[in-house]
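For reference, the structure discussed in these notes is given below.
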Amino acid sequence: MSSENEKVEMDQALDDLIQNAVGLIQYARELTEKRVNMVQLMTYYSLGKWIVEVQQEGKERARYGQKIIKTLSDSLTEKFGRGFSKANLEFFRRFYLNYKDRIAETVFRQFAIEKTETVFRQLEENPPFIVSWSHYLQLMRIENMEERSFYEIESAKSGWGIRALQRQYNSSLYERLALSRDKDAVMKLAAEGNVITKPRDIVKQPTVLEFLGLEEKAEYTESDLETALIDKLQKFLLELGKGYLFEARQKRFTFNEDNYYVDLVFYNRLLRCYVLIDLKVDKLTHQDIGQMQMYVNYYDRYEKLDEENPTIGILMCKEDNDALVEITLPKDANIYASQYKLYLPDKTLLQDKLKQWIAEEE
């Protein structure tokens with residue numbers, strides 16, 4: 001074998017070694033991170049359970065609730081150092097009370113009392129907790145159980161960090177999605193998160209664009225709005241939701257020798273279709289709706305592939321008009337109006353609106 005061939009084989013062997021080593025280390029780190037996270041959460045859950053059980057063991061003990069926590073905090077801090085303050089033990093207690101139905105008594109005993117290794121196989125096959133402790137500290141601030149479940153599932157499925165979770169909660173994502181769905185779909189939000197199966201699932205009411213930094217009362221054009229969205233494209237994609245791929249701005253197409261321009265063109269890989277967005281800084285008109293219908297028709301006839309689904313059109317406007325859209329378009333039209341806001345909406349108002357809507361549905 002020539003030295004040249006030996007060198008090629010050695011280079012290939014080194015490449016394989018590096019790839020295998022990187023893959024193994026990444027796998028080991030992910031496995032360790034998952035195991036450490038699960039051990040941490042199970043430990044906090046167990047401590048919270050014991051605190052609650054001791055506090056509730058008879059009426060007399062209940063009077064000493066804070067003393068119980070302080071005494072335990074002092075003992076654990078002396079033994080292990082930081083991490084077991086009174087405030088943290090209160091969080092452990094709340095964690096157990098919020099999620100006490102997640103852990104079967106047998107699993108708890110195997111982990112906290114018997115300390116068996118086999119319990120980890122059960123926990124890994126059917127994890128009771130799916131995000132980090134930092135996420136649960138945020139989630140426990142949410143009183144509504146269905147809303148809390150929604151944000152937990154979405155954090156895990158979408159890979160939200162703490163800041164993304166805080167932003168989505170502050171922007172009232174749950175309420176905005178719920179208000180654009182029927183009653184059965186609202187119930188699914190808490191159980192499954194935001195599952196995208198049909199065009200209506202990608203529409204929010206309203207769409208929140210506070211990250212653009214535009215003043216609500218300032219004068220700005222559609223071009224200004226479009227430029228601001230492109231400059232903050234990553235945050236805009238987060239607001240739009242799952243599955244979006246950006247294709248173009250001011251996408252030109254020519255028909256009968258006339259040029260037309262779509263403000264923003266996206267592709268949604270979950271729905272497997274184009275999503276066209278037109279921006280309107282004024283009140284929505286029937287001319288705007290007719291123009292979007294033409295854009296959608298063009299894409300359906302000349303751009304989309306046979307195996308792809310029909311194009312969706314979204315008119316993102318300062319003042320929407322659902323009644324106008326409904327009377328202008330046929331019932332099966334894939335065109336939706338979504339009002340946008342340049343500030344975070346009033347969460348209380350949206351919650352009240354959602355409660356009123358659910359009551360009317362019932």
Side-chain angles (χ1 to χ4, degrees), residues 171-173 176-177 179-180 199-233 235-241 244 246-255 258-268 271 273-300 303 310-346 350 353:
S171 72
S172 304
L173 177 63
R176 292 186 290 130
L177 287 173
L179 286 168
S180 61
R200 170 61 71 178
D201 293 338
I202 67 174
V203 180
K204 299 184 179 75
Q205 292 295 2
T207 299
V208 178
L209 307 178
E210 94 291 347
F211 52 84
L212 297 182
L214 294 174
E215 292 291 336
E216 177 69 13
K217 296 181 180 180
E219 291 293 327
Y220 57 91
T221 66
E222 289 165 8
S223 178
D224 295 333
L225 181 59
E226 180 185 314
T227 299
L229 287 172
I230 295 300
D231 288 344
K232 301 286 178 61
L233 185 58
K235 291 185 177 180
F236 185 42
L237 287 171
L238 179 63
E239 170 61 17
L240 286 177
Y244 276 94
F246 175 66
E247 180 172 301
R249 67 180 292 194
Q250 289 298 310
K251 181 68 177 290
R252 185 183 73 176
F253 67 87
T254 303
F255 187 74
D258 289 324
N259 292 326
Y260 300 93
Y261 298 86
V262 186
D263 287 344
L264 299 169
V265 178
F266 294 88
Y267 189 85
N268 191 290
L271 292 177
C273 68
Y274 283 104
V275 180
L276 312 180
I277 295 180
D278 238 12
L279 305 170
K280 303 297 174 185
V281 298
D282 298 316
K283 186 176 180 179
L284 188 65
T285 67
H286 70 275
Q287 289 93 342
D288 298 328
I289 301 169
Q291 178 176 267
M292 177 55 81
Q293 181 69 75
M294 181 190 68
Y295 293 169
V296 167
N297 289 345
Y298 178 86
Y299 264 76
D300 279 344
E303 296 289 341
T311 303
I312 299 171
I314 297 177
L315 291 154
M316 202 167 286
C317 40
K318 199 167 188 179
E319 296 181 44
D320 65 351
N321 190 331
D322 290 334
L324 184 62
V325 174
E326 186 175 338
I327 197 65
T328 303
L329 298 173
K331 290 185 178 180
D332 59 349
N334 255 2
I335 295 176
Y336 305 90
S338 175
Q339 185 180 21
Y340 67 82
K341 298 287 188 183
L342 298 178
Y343 54 87
L344 293 175
D346 187 313
L350 279 179
K353 187 175 180 180

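Of the N and O atoms on the side chains of Thr285 and Asp288, at least one donor lies less than 3.5 Å from an acceptor on the other residue.
A salt bridge links Glu239 with Arg176; the closest basic N to acidic carboxylate O contact falls under 4.0 Å.
No side-chain heavy atom of Leu173 sits less than 4.5 Å from a side-chain heavy atom of Val208. A heavy-atom distance below 4.5 Å is found between the side chains of Ile289 and Leu284. Considering only heavy atoms from C-beta on, Thr311 stays 4.5 Å or farther from Tyr295 through its side chain. With contacts defined as side-chain heavy-atom distances shorter than 4.5 Å, the pair Glu222/Asp278 does not qualify. For the pair Ile312 and Phe266, the minimum side-chain heavy-atom distance is 4.5 Å or more.
By the neighbour-count criterion of 12 heavy atoms within 6.0 Å, atom NZ of Lys251 is densely surrounded, having more than that number from other residues, nucleotides or ligands.
Met316 CE to Leu225 CG: the interatomic distance, rounded to the nearest 0.5 Å, is 8.5 Å.
The aromatic rings of Tyr298 and Phe253 sit parallel to each other, their planes meeting at less than 30°, with 60° as the upper class boundary.
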Check the pair Lys318, Lys280 against side-chain contact (heavy atoms from CB on, under 4.5 Å), reporting the backbone distance first and the verdict last.
CA-CA 7 Å; Lys318 199 167 188 179; Lys280 303 297 174 185; over 6 Å; no

Test log, rule side-chain contact (heavy atoms from CB on, under 4.5 Å), inputs Gln250 and Asp263:
CA-CA 5 Å; Gln250 289 298 310; Asp263 287 344; 3.0 Å; yes

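In this structure a side-chain-to-backbone donor-acceptor pair under 3.5 Å is missing from Asp300 to Pro310.
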